[in-house]
Structure formats: structure tokens, C-alpha cells
Amino acid sequence: MKKLLPKWFAFFLLFSEVTLYAQDQSTFADVRYGLDPLLYNGKFYTYFASSETKGSPFFYMPDYAPGFVQLHGLIYTGLALNYDLVNQQLVLQYKIENGGIKHIIISDAWLEAFNLGNTHFEVVTRQDSIKHIYQLIGSGPMHILYAWSKELKLDTRPGAKSFFFSKPMRRAYLSIGKDVVKYFNNKSFVSILDAKNQNRVKKYLSQSHVNVKKAPDAVMEDVVSFLNTPLK
């Protein structure tokens, strides 16, 4: 990809296979239907792949998930939502008065948190002053953050000309106060903790047969509860 021709060719294929419909990107607030402008003020969602592209850019498949969003301290429930992992955008699907369906991007200006089904996400501003969307596991002084993403890739098999969306990729972090530290496995997870907690957490993970790299959300919620249990 460092050579000019392959890079140019890849971009040519990308724009040939994936259609990004150039619609009006102006802020949208359809007051004619009495929609709350705080919620319905995002841009139209225009990222649509061709029918030949395999997979989906979304976290929740195949349909939109029931959920809620928290905007500027206000919670809006009963929404149909999905999370575009390629573009890091929260998308709202809703019906308009004539029976049609529209998709808009929830503005990140006031977005604080949202749920897709039972999966909870929060918007966190890191030290780089950029807002990041994380799945939140557990509660308390210590908790776990998952950063999810996907990539649009070119099928490199001989003769193939199509694109596909990768499987969801997850980066895991342990949040302690203002510090957010990445971990990869049990060893790096335990090393983040202070000395007085390391031995007891290492023992807990071993006795509970927990692999923090692969453990399901419910198991990691138990781990977070243990982390936040005061030392005796």
C-alpha cells in the first residue's frame, strides 16, 4: 500500500463498490412534526455500502436495537438505535408522519450515554480532549471500558473485487479514577492495580477461572464488583 499505483487502485475500488450518498449534511430539526430539537438535530446518516459488500458497519445486527440516549442530562427512551463502528456514530431510526423512515446521526455535542438493548455505552473525554465512545462494564471507582471498532476491507483473494466489514474489534481498558489503562490479558490487567490489590485479584481470577480477554460481560461485571469491594 506504500506504492502509488496500488493505493490509487484501492481507492478507486472503494468508491466504486461503496456508495456514500451525497445528501444534504445540514443540521436537521423537523419541527413540523413536533420533534424535540435536542434529540432530532443530527445530520442525515448517509453511509450505505453496496449490496455486494459483506457484513455490516454496525455493532447491533441485523436490525436496530431498542434503547435510550442521554443528552445534556435528559434521557430519551423507546428509541430504535444502532452504533456504526466504522465511523463511530450513533444512528437513530424513526418514522415520520407520512409513514416513511429516516436515519439521523445523534449529535455528539450533548451525547453522554446510550443503551443498545442491555449494552450500555458512555461518552468519555480522554486526556487528548477527544470524546470516545466506550461500552461500560460495572460501576464504582473502578470499572471496565471497551472501545469497539470495525474496518472496511478489500477482499484480497485472487479475482475478488468486493469489500467486506471486519468482525468487531475490541480494545479493553481498566478505569481507575482519572486513569484509563489498556490491558491485554490477566497479567497486564493485574499489573494495573496497586500492590495491595494485585495478589487478591490474581487469586480471584485464578480461582474463578476468569480469562479477562475472553470473559463475557456478566463475568466481567462480577470482576468489577470484586475490584470495588473494600479490603478487609
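Atoms considered below: every heavy atom in the structure, side chains included; atoms not considered: hydrogens, waters and symmetry mates.
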Rounded to the nearest 0.5 Å, what separates atom [atom1] in [X] from atom [atom2] in [Y]?
X      : Y      : atom1 : atom2 : value
Ile192 : Met142 : CD1   : CE    : 11.0 Å
Gln198 : Leu193 : CD    : CG    : 6.0 Å
Ser175 : Leu145 : OG    : CG    : 5.0 Å
Tyr134 : Glu122 : OH    : CD    : 12.0 Å
Ser56  : Met61  : OG    : CE    : 5.5 Å
Ile176 : Asp194 : CD1   : CG    : 7.5 Å

**Q.** With sequence neighbours excluded, residues passing ring pair (Phe, Tyr, Trp, His ring centres under 6.0 Å) with His72
**A.**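 By the ring pair (Phe, Tyr, Trp, His ring centres under 6.0 Å) rule, His72 matches Trp110.
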Q) Under 6.0 Å from the CG atom of Asn118, do we count more than 12 heavy atoms belonging to anything else shown? A)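 No, CG of Asn118 has 12 or fewer neighbouring heavy atoms, counting only those of other groups under 6.0 Å.
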Q.
If you count heavy atoms of other groups shown closer than 6.0 angstrom to NZ of Lys131, is the number above 12?
A.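 Yes.
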Are [X] and [Y] connected, step by step, through hydrophobic side chains (Ile, Leu, Val, Met, Phe, Trp, Tyr) whose heavy atoms are closer than 4.5 Å?
X      : Y      : answer
Val224 : Val124 : no
Leu81  : Phe59  : yes
Ile144 : Val190 : yes
Leu152 : Met169 : no
Tyr173 : Val223 : no

Q.
Can you confirm whether Lys182 sits close enough to Leu174 that some side-chain heavy atom of one is under 4.5 Å from a side-chain heavy atom of the other?
A.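 Of all side-chain heavy-atom pairs linking Leu174 with Lys182, none is under 4.5 Å.
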Q) Regarding Asn185 and Ser188, is there a side-chain donor-to-acceptor distance under 3.5 Å anywhere? A)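 Checked: Asn185/Ser188 side chains pair up, N/O donor to acceptor below 3.5 Å.
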**Q.** From CA spacing to verdict: side-chain contact (heavy atoms from CB on, under 4.5 Å), Tyr94, Leu79
**A.** CA-CA 8 Å; Tyr94 68 101; Leu79 305 176; over 6 Å; no
Q.
Under the side-chain hydrogen bond (donor to acceptor under 3.5 Å, both in side chains) definition, can you give me all pairs with a residue in residues 74-85, not counting sequence neighbours?
A.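 Matches after skipping sequence neighbours: Asp36-Tyr76, Tyr45-Asp84, Tyr83-Gln88, Asp84-Asn87.
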Q: Let me see the working for Leu74 and Leu38 under side-chain contact (heavy atoms from CB on, under 4.5 Å), right down to the final yes or no.
A: CA-CA 9 Å; Leu74 299 176; Leu38 181 61; 3.8 Å; yes
Q) Should Thr53 and Ser50 be marked as a side chain to side chain donor-acceptor pair (under 3.5 Å) after you check the CA-CA gap, both sets of side-chain angles, and the distance that decides it? A) CA-CA 6 Å; Thr53 304; Ser50 72; 3.3 Å; yes
Q | Any donor-acceptor pair under 3.5 Å from Glu221 side chain to Ile137 backbone | A |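 No, the answer is negative, given that no donor and acceptor are paired below the 3.5 Å cut-off.
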(Q) Can you confirm whether or not the ring centre of Tyr64 sits under 6.0 Å from the ring centre of Phe58? (A)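 They qualify: ring centres under 6.0 Å apart.
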Q) What about Phe184 and Phe189, are their ring centers closer than 6.0 Å? A)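 Between Phe189 and Phe184, which both carry aromatic rings, the centre distance is not below 6.0 Å.
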Q.
For Gln135 and Thr119: C-alpha separation, side-chain torsions, deciding distance, then whether side-chain contact (heavy atoms from CB on, under 4.5 Å) applies.
A. CA-CA 7 Å; Gln135 179 189 354; Thr119 307; 3.5 Å; yes
**Q.** Derivation and outcome, side chain to side chain donor-acceptor pair (under 3.5 Å), residues Gln89 and Asp108
**A.** CA-CA 8 Å; Gln89 295 171 335; Asp108 60 3; over 6 Å; no
